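Below, chains carry the letters A, B, ... as their sequence lines are ordered, and counting in each starts from 1. Please read these numbers as outputs of a predicted model, since none were measured by experiment.
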Amino acid sequence: MSNKIPDNVDKSCGCLIEDLLTKSEDSKCTGQPENSDYNKRERIMVDPDVEKISLDFYQKKFTDGLPIIPPTRSRVNKFYQYSKGDPQEVMAILPPLQGKATREKIAVNGVMAGCLPHFMPLLEKAVMGLGDEKFNLAGVNSTTHPVAVCTIINGPVRNELEFNSKSGCLGPGNLPNATIGRAIRFCLINIAGAVPGIGDHSTMGSSSKYSYCFAENEEKSPWEPLNVERNILADSGAVTLLGMEAAHNVNDHRSQNASDLLDTIIHTAATPGCNNSHVPGELLVIMSPEHARTISDEGWEKKDVKKYIHQHAVVPVNLADRGGRKLDEIWCKENMVPITRKIDDVVIVVAGGPGRHTMLAHGFGTSCESVTLPLD
Amino acid sequence: MSNKIPDNVDKSCGCLIEDLLTKSEDSKCTGQPENSDYNKRERIMVDPDVEKISLDFYQKKFTDGLPIIPPTRSRVNKFYQYSKGDPQEVMAILPPLQGKATREKIAVNGVMAGCLPHFMPLLEKAVMGLGDEKFNLAGVNSTTHPVAVCTIINGPVRNELEFNSKSGCLGPGNLPNATIGRAIRFCLINIAGAVPGIGDHSTMGSSSKYSYCFAENEEKSPWEPLNVERNILADSGAVTLLGMEAAHNVNDHRSQNASDLLDTIIHTAATPGCNNSHVPGELLVIMSPEHARTISDEGWEKKDVKKYIHQHAVVPVNLADRGGRKLDEIWCKENMVPITRKIDDVVIVVAGGPGRHTMLAHGFGTSCESVTLPLD
Amino acid sequence: MKVNLVEKEVMDPLAESGQKNILLNDIPSPVHQISFFDNTKPGADIILNLLKTRLKQMDVIESKKPAGAAASKSQLEKAAEGDVSILALGDCGSCTTWVILDAIRLEKEGVPTLSICSHKFTPFARKLAQAHGAPNLRIVEIAHPIAGLDPEKVKEKTNFIIPEIEKILYNAD
Amino acid sequence: MKVNLVEKEVMDPLAESGQKNILLNDIPSPVHQISFFDNTKPGADIILNLLKTRLKQMDVIESKKPAGAAASKSQLEKAAEGDVSILALGDCGSCTTWVILDAIRLEKEGVPTLSICSHKFTPFARKLAQAHGAPNLRIVEIAHPIAGLDPEKVKEKTNFIIPEIEKILYNAD
């Protein structure tokens, strides 16, 4: 195959403006015209070539490798219309590289990711959450572990912005889910310095670092949603940021009662390889409406489910103590260690469409606490 | 927040060509001019507005929600330069909707995803692999399970096309990994009919449905690479397609010998919630170079590792038999069921950068067999 | 100066279907022998067993097939021994797919079929059948969900659809 | 007609650093009391124990901190009891980050520090220190990997770096 690839194919030329000019005699590619002859002609400002900008920004390590919307000033200005205050105001300082997350930088990264202008207030709030000390973004960004930022949306904003909380909500196919998750990743790369292989040392990385944002299916949940559980009024929207691995599946079609179903879940959750086994911390449990209904039909409240999982998801100490940081004895009881420190480390949301599945995501362990912020 | 969102913001207007025109008196947006006055003027063909096309295609459910490169004929023609034969030739029929995967449709979806033209031969081969009956794309696409197509690249093509096989290889940051994984998803959506919520019924979906493509780190592997193991000459590149969940982590910094490390792996792999527990099948084990070295330094060959994992990754039958399809007794032994049917169901590749992690992905179970095709 | 910028056209990523229509088989009158094709999904056996008690005048051939994957050749041959084959249950994505695709395989072998799918997956089942050249494939809708339910509830839901199934099977009378 | 299409400029997504430089502390001469700040990563204890046997004329204060996260206030106070603090081990992303960031916290408290990082993570450690206003933070490189190795191999690697550490600690003499 090697002889098929010219050295310069689409990668270094920067001349794709030629594509724009089909009938003009002049196909010289000069973004910044300098000769006087050139300047006598009629100039028409056009949007930058998307292929060229995408490749240029990729080569500068500003992107994930996928196409971006060129962040022209006019596009960025549209985002400001949905924001309040000075574009140069610093909303957060993001570690490890202590980047100043100004409104301007948030908007530029949001445009690139494909966000719509009215997502701006939510983006600002998410970035502010990332700067919360308890989130330990310095560790989350730089670790060899495949932890990503998982963003969960609650409240009326879910429907106003048309988030997906149903079939396929963790995956592609919905613009707000896809672009907001991606914009957060771009902020991590370009503001916090989490460039893969440079400021992000994830040994293998994770698909969830492309985009990992979804809404809770509050309409189909038998329980109070996450924002309410965290003392935010149901009328307010909320954005929750968690440091999580990609979610993996618990297929249970056969359990007809709560404890059987929860046993499938806890035995899938309690594994020695996750970070929670040696540095117990948060566990995200994303339950489908059908699974949640099987459990709630027996009268279980959300707190009962959290308590059951906290008490029963335990790993033998000899298998658990294999992570980077030494397992602290304070967590252990009778040679077993629970993968969560406390009941509220079990974070339960209901999401998804038809089907009998729960998805689990292990956290980064003791070193990252989720953050929930109310939306205005 | 609701009062901030005008009904027409960037979503239905289709008039973003206005952005293109800054000094022209005429900002009327008419892609197909019809009045004669209009036609007297100078017409200049420009690339379609990327925001408009991305939104238009998104609303038609052709995309993942992220920006695309507009698939103009000139861009698609560039892809043909790296292909052989008639653009209308059918390379595969993709179920469930029995779409005809012609070269043209593969190229259009590849352009949209952000692929470079010289990726075309690899894209064609990948799509042909998806059409292999044993892959059961009909089931993989339509299931409520979060299975995605995982694409692994071997051989010289890894370096020729500049794939990432090192730090962050499963995640964003590398153009070939990102765009080829995404192009495959676009082919599933637009050719096979796997539109989320319509032909793809995944209850929650998965981030790995955005993009899930990486190369094996053959240079740092102590063992033969996947293509060689599958009887393809090392000099040929190969593309392997697997039906897999998103990978999750096995953090093991402390094991100093093979069996300790493998014990952490098998106890993380053997869970009741995965499909493999009730319909045993393939398990993908992505081992970091450091983990692989710990094992190989004791003289373990790849086949020894596969055998050990096959024999020891077992789940108690009472927990295992909870999936959709009834667990078949033929797999069970002494009330335990192995999550793989045979040694070769354990698919091992070495990938990633520095760090002591292995990542595991459970398969779709008995109903999907991976496909490896040589590249020319 | 007047200039019109005209956007280039974009190409369509959607593929055409590669499938031609197939002929469906009529249900014989009377049906002597009926085959029940159980894909082992939870509740499929309950639905089929209840149906068996209601179709007393027919001999029942029972056979199994995998959910989420194609029936093997021998499984298909056994199911084809009936005058009609009833397939259950399509109540998820991949199991619905392979209920429909195996029904179509049976139709191609000359066996009339009737597939039972839950209502959440029936629209997909019909679209799938159409894409595979069988827009009129017989599909009976049962209320979703079936899995995870008490057997009594599954029987209740089955009782709702039995008249429709009887109508199809005895229609030729 | 001549027309020039000129592309609009794009804006820069990269943020500026919000950090001002900090002052680093000199190593006193002589060092009476040294603090070892062990982040519990595999091998950190081996490195520090071997170092202890070589720095006989100094009192050693041993304390622990989490890998991948900030030291608690009391952990930091204990580590600050030394004339100098040696932090080990940065041999992964998050542990390197918090070796460096805790070293910087100690420097801000007036304690000179020396951080031990594996060579695969040292470039990142230096970039991080710079971003946090401490481009000259003392970082000693040890050969990667450390985790997963036999203790004897870790000692071997440690012996390579002891002269450099001694030079830093006795330099002021």
Side-chain angles (χ1 to χ4, degrees), chain B residues 17 20-21 24-26 31 33 38 41-49 53 57 62 70-74 76 90 93-102 104-105 108-109 112 136 138-145 186 190-193 198-202 279 324-326 364-367, chain C residues 1-20 38-45 64-70 72 89-102 104 118 120-121 123-125 127-134 144-148:
Chain B
I17 193 167
L20 284 165
L21 297 163
S24 164
E25 287 172 43
D26 185 347
Y38 185 99
R41 299 172 186 170
E42 181 72 9
R43 287 178 59 177
I44 297 181
M45 301 300 290
V46 294
D47 207 50
D49 181 83
I53 294 293
F57 275 33
F62 295 167
T72 55
R73 183 162 292 282
S74 57
V76 171
V90 177
I93 299 276
L94 299 189
L97 293 193
Q98 303 301 90
K100 289 195 275 190
T102 59
E104 177 184 289
K105 296 301 179 186
V108 171
N109 282 284
M112 286 164 56
N136 184 18
V140 167
N141 271 336
S142 61
T143 178
T144 54
H145 183 267
F186 281 1
N190 295 314
I191 301 177
I198 295 174
D200 169 354
H201 295 279
S202 191
V279 277
R325 182 166 161 189
K326 184 76 186 154
F364 186 48
T366 316
S367 310
Chain C
M1 188 181 71
K2 303 268 184 185
V3 172
N4 285 314
L5 298 186
V6 179
E7 295 195 336
K8 294 182 193 173
E9 289 204 22
V10 289
M11 294 176 73
D12 183 359
L14 274 194
E16 286 169 21
S17 174
Q19 190 67 45
K20 292 203 177 75
D38 176 348
N39 70 351
T40 79
K41 284 280 294 192
D45 53 348
K64 289 191 177 170
K65 69 172 275 333
S72 69
L89 169 74
D91 70 339
C92 69
S94 58
C95 62
T96 300
T97 297
W98 279 108
V99 159
I100 297 304
L101 297 184
D102 279 336
I104 288 171
S118 74
K120 293 264 187 191
F121 291 91
F124 171 64
K127 190 172 176 188
L128 187 71
Q130 185 164 21
H132 286 262
H144 189 87
I146 298 299

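Among all heavy-atom pairs drawn from Phe124(C) and Ser142(B), the shortest one is CZ-CB, 3.6 Å. The two atoms that bring Pro96(B) and Ala131(C) nearest to each other are O-CB, 4.4 Å, heavy atoms only. When all heavy atoms are compared, the tightest approach of Pro13(C) to Asn190(B) is O-CB, 3.4 Å.
The backbone N or O of Gln19(C) lies less than 3.5 Å from no partner atom in the side chain of Lys100(B), so there is not a single donor-acceptor pair. For His145(B) (side chain) and Gly93(C) (main-chain N/O), no donor-acceptor pair under 3.5 Å exists by modelled atom type. At least one donor-acceptor pair under 3.5 Å links the side chain of Asn136(B) to the backbone N or O of Gly68(C).
Using a 4.5 Å cut-off between heavy atoms, Asp12(C) contacts chain B through both its backbone and its side chain. Looking at Lys127(C), the atoms closer than 4.5 Å to chain B (heavy atoms on both sides) sit in the backbone and in the side chain alike. The contact between Leu101(C) and chain B is made entirely by side chain atoms (from C-beta outward), counting heavy-atom distances below 4.5 Å. Interface residue Ile191(B): backbone and side-chain heavy atoms are both found under 4.5 Å from chain C. When heavy atoms are compared at a cutoff of 4.5 Å, Leu97(B) approaches chain C by way of both its backbone and its side chain. Contacts between Leu94(B) and chain C at a heavy-atom distance below 4.5 Å are absent for every atom of the residue.
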Please lay out, stage by stage, how Lys8(C) and Arg73(B) fare under the test side-chain contact (heavy atoms from CB on, under 4.5 Å). CA-CA 8 Å; Lys8(C) 294 182 193 173; Arg73(B) 183 162 292 282; over 6 Å; no

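Atom CZ of Arg325(B) sits about 11.5 Å away from atom SG of Cys95(C), to the nearest 0.5 Å. One finds the CE atom of Met11(C) at 10.0 Å from the OG atom of Ser74(B) (value rounded to the nearest 0.5 Å). Between the NZ atom in Lys326(B) and the CG atom in Asp45(C) there is a gap of 9.0 Å [rounded to 0.5 Å]. Here the straight-line distance linking atom CE of Met45(B) with atom CG of Leu5(C) works out to 10.5 Å at 0.5 Å rounding. Phe121(C) CZ to His201(B) NE2: the interatomic distance, rounded to the nearest 0.5 Å, is 6.0 Å.
Contact tally against chain C (heavy-atom pairs below 4.5 Å) for Phe57(B), Phe364(B), Phe186(B): the top residue is Phe57(B). Of the listed residues Gly193(B), Gly365(B), Pro70(B), Ala138(B), the one with more heavy-atom pairs under 4.5 angstrom with chain C than any other is Ala138(B). For the set Gly99(B), Gly324(B), Ser367(B), the entry with the most heavy-atom pairs within less than 4.5 Å of chain C is Gly324(B). Note on Val140(B), Thr143(B), Asn109(B), Ile93(B): by heavy-atom pairs under 4.5 Å with chain C, the leading option is Thr143(B).
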